[in-house]
Amino acid sequence: IGQSAFEDCPKLTSVTIPNSVTKIGQEAFCDCPKLTSVTIPNSVTEIGICAFSFCEGLTSVVIPESVKEIGDRAFYFCSNLTGIVIPDNVRRIGNAAFSRCFNIVDITIPSNVAEIGASAFEDCEKLSNVKYQAKASVIKEYTFKGCLSLDTISIPEGVTKIAKEAFMNCKKLPSISIPSSLNEIGTGAFKNCAALVDCTLPEGLVSVGKDVFKGCKSLGVESPEATN
């Protein structure tokens, strides 16, 4: 489906994509505010940049197992999207792919995901539970920033960097499990996580940026002597 094929179709309510389609192109269904139903066939391997952004009527989407890439801002500002399952074959989740999907409650990021873009889940205000199984070694800038309801996430071994403001303003996050593989925490990574009471920094940590735990008023931190 080509770029902007159905962009700004304000009366479009339902789409069934035929199984001959392999890619949903850039902005293909962007700004279709009344689109409530999309059927994506198992032939599609890529959901393009801004493919469904600003589709505020979407409440759920089934992404088939064939999909390997979810592009930048693919579902940006799908503000009523409540249920999304990322299939096991996805390798990349783009920048701001699900940003401002205010009503998503839980998400599982499967183990084959090698890259999660910056701001991927930023401002998902009702997101409370993240099962982070990805093999991506970096949690990029703003990935979970502003996830106001986030209270459960475990970061697996293999993650080496938590980048700038990755968890900033996650105000309900009570604790964070940091793996021994982590060696860098970026500026403001956990800033204003007011409920954070427990965080143990690993022995191999070599860099902690500015304001990492600023505004974490409940926090007690255990840190290795080598931490800078």
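Below, each value reflects all heavy atoms present in this structure, side chains not excepted, and no hydrogens, waters or symmetry copies.
Between F190 and I185, some side-chain heavy-atom pair lies under the 4.5 Å cut-off. Two residues are said to be in side-chain contact when any heavy atoms from C-beta on lie closer than 4.5 Å; I40 and V62 fail this criterion. Residues Y132 and I107 are not in side-chain contact: their nearest non-hydrogen atoms beyond the backbone lie 4.5 Å or more apart. Residues E184 and I162 have side chains not in contact (no heavy-atom distance under 4.5 Å, counting atoms from C-beta outward). Counting only heavy atoms from C-beta outward, the side chains of S4 and Q26 never approach each other to under 4.5 Å. Residues I47 and I63 have side chains in contact (heavy-atom distance under 4.5 Å, counting atoms from C-beta outward). The shortest distance between side-chain heavy atoms of D123 and K145 does not fall below 4.5 Å. For the pair I104 and D106, the minimum side-chain heavy-atom distance is 4.5 Å or more.
Between the side chain of S149 and the backbone N or O of E125, at least one donor-acceptor pair lies under 3.5 Å. With hydrogens and angles disregarded, a donor-acceptor distance shorter than 3.5 Å links the side chain of T36 to the backbone of T13. Formation of a donor-acceptor pair under 3.5 Å by the S99 side chain with backbone atoms of E122 is found in this model. N183 places no side-chain N or O within donor-acceptor distance of the main-chain N or O of V206, the cut-off being under 3.5 Å. Distance alone, capped at 3.5 Å, is enough to place a donor-acceptor pair between the S181 side chain and the G158 backbone. At least one donor-acceptor pair closer than 3.5 Å links the side chain of T82 to the backbone N or O of T59. Side-chain N or O atoms of S43 include one that pairs as donor or acceptor with a backbone N or O of N19 at under 3.5 Å. Put simply, the side chain of T160 gets close to the backbone of S137: a donor and an acceptor are under 3.5 Å apart.
Closest heavy-atom contact between T108 and P110: O-CD, 3.4 Å. The two residues M168 and G188 come nearest to each other via the heavy atoms CB-O, 3.7 Å. Of all heavy-atom pairs spanning V44 and S66, the tightest one is O-OG, 2.5 Å. Between C193 and F167, the shortest heavy-atom distance links the atoms SG-O, 3.2 Å. In plain terms, the two heavy atoms of P87 and P64 that are nearest each other are CG-O, 3.2 Å. A pairwise comparison of heavy atoms in T152 and L173 identifies N-CD1, 4.3 Å as the closest pair.
With values rounded to the nearest 0.5 angstrom, C170 atom SG is found 14.0 Å from K191 atom NZ. In this structure, CG on D8 lies 11.0 Å from CD on E27, to the nearest 0.5 angstrom. The structure places CZ of R73 at 9.0 Å from CZ of F54, a figure rounded to the nearest 0.5 Å. Summarising the geometry, atom SG belonging to C199 is positioned 4.0 Å from atom CZ belonging to F213; distances are rounded to the nearest 0.5 Å. Distance CG/D211 to CG/N192: 9.5 Å, rounded to 0.5 Å. Between the SG atom of C32 and the CD atom of E56 there is a distance of 11.5 Å, given to the nearest 0.5 Å.
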Would L205 and L182 count as a side chain to side chain contact (heavy atoms under 4.5 Å, CB included) here? Give the steps.
CA-CA 6 Å; L205 191 63; L182 193 76; 4.2 Å; yes
Derivation of the side chain to side chain contact (heavy atoms under 4.5 Å, CB included) call for Q133 and I109:
CA-CA 6 Å; Q133 301 167 350; I109 305 173; 5.9 Å; no
Would V38 and F52 count as a side chain to side chain contact (heavy atoms under 4.5 Å, CB included) here? Give the steps.
CA-CA 10 Å; V38 176; F52 295 98; 3.9 Å; yes
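No hydrogens or angles considered: nothing links the side chains of N112 and D88 as a donor-acceptor pair under 3.5 Å. Under 3.5 Å, the side chains of K68 and N89 contain no donor-acceptor pair of N or O atoms.
Here E141 does not pair with K164 in a salt bridge; the nearest charged N to carboxylate O distance is not below 4.0 Å. Salt bridge annotation for K171-D151: absent, with no cationic side-chain nitrogen under 4.0 angstrom from a carboxylate oxygen.
Cluster membership check: V113 shares its hydrophobic cluster with V159, using side-chain heavy-atom separations under 4.5 Å among Ile, Leu, Val, Met, Phe, Trp and Tyr. Linking Ile, Leu, Val, Met, Phe, Trp and Tyr residues whenever their side-chain heavy atoms come within less than 4.5 Å places V212 and I153 in a single cluster. Grouping the Ile, Leu, Val, Met, Phe, Trp and Tyr side chains by contacts below 4.5 angstrom, directly or via other members, places I116 with I178. Taken together through direct or relayed side-chain contacts under 4.5 Å among Ile, Leu, Val, Met, Phe, Trp and Tyr, F6 and L81 form part of one hydrophobic cluster. One hydrophobic cluster, built from ILVMFWY side chains closer than 4.5 Å, cannot hold both L35 and F77; they sit in different ones.
F98 and F75 have parallel rings, their planes meeting at less than 30° on a 0 to 90° scale where 60° marks the start of perpendicular.
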